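Written below as structure tokens is the structure these notes are about.
Numbering of ligands and ligand atoms starts at 1, following listing order. Sequence positions, counted from 1, serve as the residue numbers for this chain. These figures come from a predicted structure and were not determined experimentally.
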Amino acid sequence: MNILDDVRQSVIDGNMEVTQKLVQKALAENVPAEQILKDGLILAMSEVGRLFESGEFFVPEMLISARAMKSGLALLQPHLAAANIQAIGKVVIGTMQGDLHDIGKNLVGMMLEGTGFEVIDLGVDVSPQKFVEAVKEHQPDLIGCSALLTTTMPRMKDVVTALKEAGLRDRVKVMIGGAPITEKYAHDIGADIYAPDAASAATRARQSLN
Ligand code: B12
């Protein structure tokens, strides 16, 4: 068995200690951090989602898998974020009000840092008003909104509206993403950038500065 198969299995099992050991082992064997992330941790969470959908996993299992994934991610972080890059811009990110999923958002934050952005993370369950206040306070180039639930997607439109009402819409680009989000949805609600994953989020954010 390949080490990344083991990493995936440990996340699915929700075994945080084993996940950490295996991620460390993979790094020691010079498996690139991006590959451990993509083919190990992220694939494992897709499988966890499938198990949840088919009724084999319930919320507690999902939660312990998420914890294991996060513990592995923490070990990869220093390898993913390139050191000593001067900030090329500023991004405020957060997960929509009512939504507690933060693994994808954290990954996007890491990749943005890796590409040279200063990242201000507002956390989860962030109201549109809080985004507006953060734009006033930090004056970012972009805001990044994450939603994993179809029920919290509409809050993204509320963020765009709140920015307009505060007269700030022209000062900041709005980037959105998360499993249920599509390019079309971004267009429909008047967001500027959509990206399907953390790597393309970083690339598109960077391109948007030009
Ligand atoms: C882990 C998990 C949880 C954990 C979250 C832990 C945490 N700290 O995040 C817990 C157990 C808490 C949880 C709870 C719930 N969950 Co949940 N969860 C998941 C699961 C299995 C994985 C999500 C994940 O982390 N994926 C891995 C990351 C890396 O991927 P990602 O989040 O998609 O992010 C990537 C991209 O989307 C993108 N991206 C993400 N954000 C952003 C932002 C920007 C700006 C950009 C550009 C890109 C971007 O880049 C990321 C990296 O590449 C998904 C299943 C799935 N397949 O998505 C269900 C899922 C999202 N959950 C679901 C549900 C129903 C729930 C609950 C309602 C369950 C319940 N009955 O209580 C609650 C809701 C709690 C709440 N209020 O938020 C459903 C949503 C269904 C729907 N259509 O809305 C899913 C799809 C499962 C399913 N198949 O039914 N969940």
Checklist entry - Do I64 and F57 pass the side-chain contact (heavy atoms from CB on, under 4.5 Å) test, and can you show the C-alpha distance, the side-chain angles, and the key distance before you say yes or no? => result CA-CA 11 Å; I64 58 166; F57 264 26; over 6 Å; no

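- Which of F52, F57, F58 comes nearest to atom 90 (O) of ligand 1 through a heavy atom is settled by distance: it is F52.
- There is a protein heavy atom less than 4.0 angstrom from atom 45 (C) of ligand 1.
- No N or O atom of D197 sits closer than 3.5 Å to an N or O atom of ligand 1.
- Distances from atom 52 (C) of ligand 1 to the heavy atoms of A201, S65, A198, C145 show the closest one on A198.
- With hydrogens and angles left out, the side-chain atoms of S127 and Q129 include no donor and acceptor closer than 3.5 Å.
- Contacts of R204 with ligand 1, taken as heavy-atom pairs under 4.0 Å, are absent altogether.
- Nearest residue to atom 83 (N) of ligand 1 from L142, T150, L73 is T150 (criterion: closest heavy atom).
- Scanning the protein heavy atoms around atom 80 (C) of ligand 1, the nearest turns out to be L149 CD2, 3.6 Å.
- For ligand 1, the atoms lying closer than 4.0 Å to a non-hydrogen atom of G98 are 76 (C), 77 (N), 78 (O).
- Not a single protein heavy atom sits closer than 4.0 Å to atom 67 (C) of ligand 1.
- For atom 59 (C) of ligand 1, the closest non-hydrogen atom of the protein is M62 SD, 3.9 Å.
- Of the protein's non-hydrogen atoms, the one nearest atom 75 (C) of ligand 1 is H101 CE1, 4.3 Å.
- For atom 54 (C) of ligand 1, the nearest protein heavy atom lies 4.0 Å away or farther.
- When distances from atom 1 (C) of ligand 1 to the protein are checked, a heavy atom turns up under 4.0 Å.
- Near K70, meaning under 4.0 Å from any of its heavy atoms, are these atoms of ligand 1: 8 (N).
- Each of the atoms 29 (C), 52 (C) of ligand 1 lies under 4.0 Å from some heavy atom of L107.
- The nearest protein atom to atom 86 (C) of ligand 1, hydrogens excluded, is given as L148 O, 4.7 Å; this is a heavy-atom distance.
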Item to check | Worked check of side-chain contact (heavy atoms from CB on, under 4.5 Å) between K136 and V132 | outcome: CA-CA 6 Å; K136 283 187 191 151; V132 168; 4.2 Å; yes

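- In this structure, D99 contributes its side chain and L149 its backbone to a donor-acceptor pair below 3.5 Å.
- Residue V108 is not grouped with residue I120 when hydrophobic side chains (ILVMFWY) are merged at heavy-atom distances under 4.5 angstrom, including chains of intermediate members.
- Within the 3.5 Å criterion, the main-chain N or O of Y185 finds no donor-acceptor partner in the side chain of Y194.
- Those atoms of ligand 1 with a heavy atom of A66 less than 4.0 angstrom away are 1 (C), 6 (C).
- Environment of CD in E17: sparse, with no more than 12 heavy atoms of neighbouring residues, nucleotides or ligands closer than 6.0 Å.
- There is a protein heavy atom closer than 4.0 angstrom to atom 64 (C) of ligand 1.
- Nearest non-hydrogen protein atom to atom 10 (C) of ligand 1 is L63 CD1, 4.2 Å.
- We find that E47 and R50 are joined by a salt bridge, their nearest charged nitrogen and carboxylate oxygen being less than 4.0 Å apart.
- In the model, S200 has a side-chain atom that pairs as donor or acceptor with a side-chain atom of D197 under 3.5 Å.
- Between the side chain of D125 and the backbone N or O of G98 there is at least one donor-acceptor pair closer than 3.5 Å.
- Taking the side chain as every heavy atom from C-beta outward, L100 and T95 never approach each other to under 4.5 Å.
- Ionic pairing of R206 and D141 is not present here: no N-O contact between side-chain nitrogen and carboxylate oxygen is shorter than 4.0 angstrom.
- Heavy-atom proximity to atom 26 (N) of ligand 1, evaluated over R67, M153, M45, is greatest for M45.
- Close approach to P196 involves these atoms of ligand 1, each under 4.0 Å from a residue heavy atom: 36 (C), 38 (C).
- Taking each of I176, T152, I193 in turn, the one with a heavy atom nearest to atom 47 (C) of ligand 1 proves to be I176.
- Counting only heavy atoms of the protein, atom 30 (O) of ligand 1 lies nearest to G104 CA, 4.4 Å.
- Looking from atom 70 (C) of ligand 1 to the surrounding protein, the closest heavy atom is V59 CG2, 3.5 Å.
- Side-chain contact between E137 and V92 is absent, with no heavy-atom pair separated by less than 4.5 Å.
- With ligand atoms numbered from 1 in the order given, ligand 1 contributes 78 (O) to contacts under 4.0 Å with heavy atoms of D99.
- F131 and V159 get closest at one heavy-atom pair: CD1-CG2, 3.9 Å.
- Side-chain atoms of P196 and R204, non-hydrogen and from C-beta on, do get closer than 4.5 Å to each other.
- Criterion: ILVMFWY side-chain heavy atoms under 4.5 Å apart, direct or through other members. Under it, I103 and M16 are not part of a common hydrophobic cluster.
- Counting protein heavy atoms only, atom 7 (C) of ligand 1 is closest to D102 OD1, 3.4 Å.
- An N or O contact shorter than 3.5 Å is missing between A195 and ligand 1 by distance.
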